[in-house]
Protein chains: 2
Amino acid sequence: MRAEALKGHLDGLLLAALEDGPRHGYAVKEALRDTTDGRLDLPTGTVYPALHRLEQAGLISGSWSVVGGRRRRTYELTEDGRRSLAGARDHWQEFATAISTALGGTPWPATS
Amino acid sequence: MRAEALKGHLDGLLLAALEDGPRHGYAVKEALRDTTDGRLDLPTGTVYPALHRLEQAGLISGSWSVVGGRRRRTYELTEDGRRSLAGARDHWQEFATAISTALGGTPWPATS
DNA sequence: CTCCATACGTCGCGTCGCTATATATAGCGA
DNA sequence: TCGCTATATATAGCGACGCGACGTATGGAG
């Protein structure tokens, strides 16, 4: 699936991927891919800058480490990050409900 | 609700608003506002350019008329438009399912 | 006569996801 | 030994597009 329509929803996804414990960037990318059965396979050029933004915003905190000769930047949620994630979930529910209503067709959700 | 996160979903909404019959731009804006209880109140700077794009793309066709001294551009769906609307609905279902899955929290939809 | 709703339009800004490209290591098969 | 792939990170520049701000014009209510 094309992920171009993510505008404004990406941050929440990344935060959600970090909810059950610290992960490094590549692992976040994989987590999203796996939990959605490969439907959400984000390019690295999307993931890394977004993580930088989140860290800059204080929603996650990162630290360098080296595992198996490869450098990793491991991120974990901050308190602000958890709050922001909760907000993102609320916002998504509202958004999805509004769009689904306006879009019509099959009511909500795809019960077919 | 803030409609900034519409990126890529707007076209489908406009097409859906034209599904049950021809409407002019302002009426499309009102239709979306009304069917969502005011949650989706798009600014004119969003609606009109988008309608122009859709007409340019051949998904809707417009014609001028004058009603009550005011000029109106009335649009209706083309065949391509109907196909595109169906596609937009499919795409939305896929997208919403993927995001909801990855975002986690309350599963899907807000049954609470 | 003023104000608001109706009705259309466009310019320019800002955001942000994506493509392309670069670097570096580990491991596997030829 | 020589690629090739997966792992792991990074950034520059592009392109798309929704939105704010503004401009024009009419009709009706107060």
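Within every chain, numbering begins at 1; the chains are lettered A, B, ... in the order of the sequence lines, protein sequences first and strands thereafter.
One can place NE2 of B:His9 at 14 Å from C1' of C:dC16, the figure rounded to the nearest angstrom. Distance, B:Gln56 CD to C:dG9 P: 13 Å, rounded to whole Å. Rounded to an integer number of Å, the gap from B:Leu40 CG to D:dC19 C1' is 14 Å. Separating the CG atom of B:Leu6 from the P atom of D:dA16 is a distance of 18 Å, rounded to the nearest angstrom. Going from atom CG of B:Asp41 over to atom C1' of D:dG18 covers 14 Å, rounded to whole Å. We find that CG of A:Leu14 is positioned 13 Å from P of C:dC16, with the value rounded to whole Å. To the nearest angstrom, P of D:dA10 lies 9 Å from CD of A:Glu55. Separating the CZ atom of B:Arg73 from the C1' atom of D:dA25 is a distance of 18 Å, rounded to the nearest angstrom.
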Using distance only, find each side-chain donor-acceptor pair of residues 57-74 of chain B under 3.5 Å and give its atom names and separation, not counting sequence neighbours.
unit_1  : atom_1 : unit_2  : atom_2 : d
B:Arg73 : NH2    : B:Glu55 : OE2    : 2.7
B:Arg73 : NH2    : B:Gly62 : O      : 3.2

Between side-chain atoms of residues 28-37 of chain A and protein atoms elsewhere (two or more places apart, or another chain), which donor-acceptor pairs fall under 3.5 Å?
unit_1  : atom_1 : unit_2  : atom_2 : d
A:Lys29 : NZ     : A:Asp41 : OD1    : 3.1
A:Lys29 : NZ     : A:Leu42 : O      : 2.9
A:Thr35 : OG1    : A:Ala31 : O      : 3.0
A:Thr35 : OG1    : A:Leu32 : O      : 3.4
A:Thr36 : OG1    : A:Leu32 : O      : 2.7
A:Thr36 : OG1    : A:Arg33 : O      : 3.3
A:Thr36 : OG1    : A:Leu40 : N      : 3.1

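Taking CZ of B:Arg53 as the reference point, atom CG of B:Leu51 lies at 9.0 Å (rounded to 0.5 Å). Atom OG1 in A:Thr97 sits 8.0 Å away from atom CD in A:Glu94 (nearest 0.5 Å). Of the inter-residue distances, the one linking B:Asp80 atom CG with B:Leu85 atom CG reads 12.5 Å to the nearest 0.5 angstrom.
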Show the numbers, then the answer: is there a side chain to side chain contact (heavy atoms under 4.5 Å, CB included) between A:Arg39 and B:Thr101?
-> CA-CA 10 Å; A:Arg39 288 187 301 250; B:Thr101 302; 4.2 Å; yes

Which atoms of nucleotides 27-30 of chain D (N or O only) lie under 3.5 Å from a protein N or O atom, and what are those distances?
unit_1 : atom_1 : unit_2  : atom_2 : d
D:dG27 : O4'    : B:Arg70 : NH2    : 3.1

What pairs of nitrogen or oxygen atoms, one from the protein and one from nucleotides 10-14 of chain C, lie under 3.5 Å apart?
unit_1 : atom_1 : unit_2  : atom_2 : d
C:dT10 : OP2    : B:His52 : NE2    : 3.4

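The side chain of B:Arg53 contributes no N or O atom lying less than 4.0 Å from OP1 or OP2 of D:dA16.
Across all their heavy atoms, A:Leu14 and A:Ala50 have their closest contact at CD1-CB, 3.4 Å. Shortest non-hydrogen contact noted between B:Arg23 and B:Ala17 is NH1-O, 2.6 Å. The two residues B:Ala16 and A:Leu103 come nearest to each other via the heavy atoms CB-O, 3.7 Å.
Nearest to the side chain of B:Arg71, among D:dC19, D:dC17, C:dC8, sits C:dC8.
In this structure, A:His9 and B:Phe95 have perpendicular ring planes: the angle between them is above 60°, well past the 30° mark.
Within residues 16-35 of chain A, the residues that have a heavy atom under 4.0 Å from DNA chain D are, in order of number, A:His24, A:Gly25, A:Tyr26, A:Glu30.
Using a 4.5 Å heavy-atom threshold, the side chains of A:Ser100 and B:Trp92 count as touching. The shortest side-chain heavy-atom distance between A:Leu18 and A:Leu54 does not fall under the 4.5 Å cut-off. A heavy-atom distance below 4.5 Å is not found between the side chains of A:Ser84 and A:Asp11.
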How would DNA chain C look in dot-bracket form, 5' to 3', counting Watson-Crick and G-U wobble pairs with both distances under 3.5 Å and writing | for bases paired to another strand?
-> ||||||||||||||||||||||||||||||

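The residues A:Glu19 and A:Arg89 are annotated as salt-bridged, a charged nitrogen and a carboxylate oxygen being separated by less than 4.0 angstrom.
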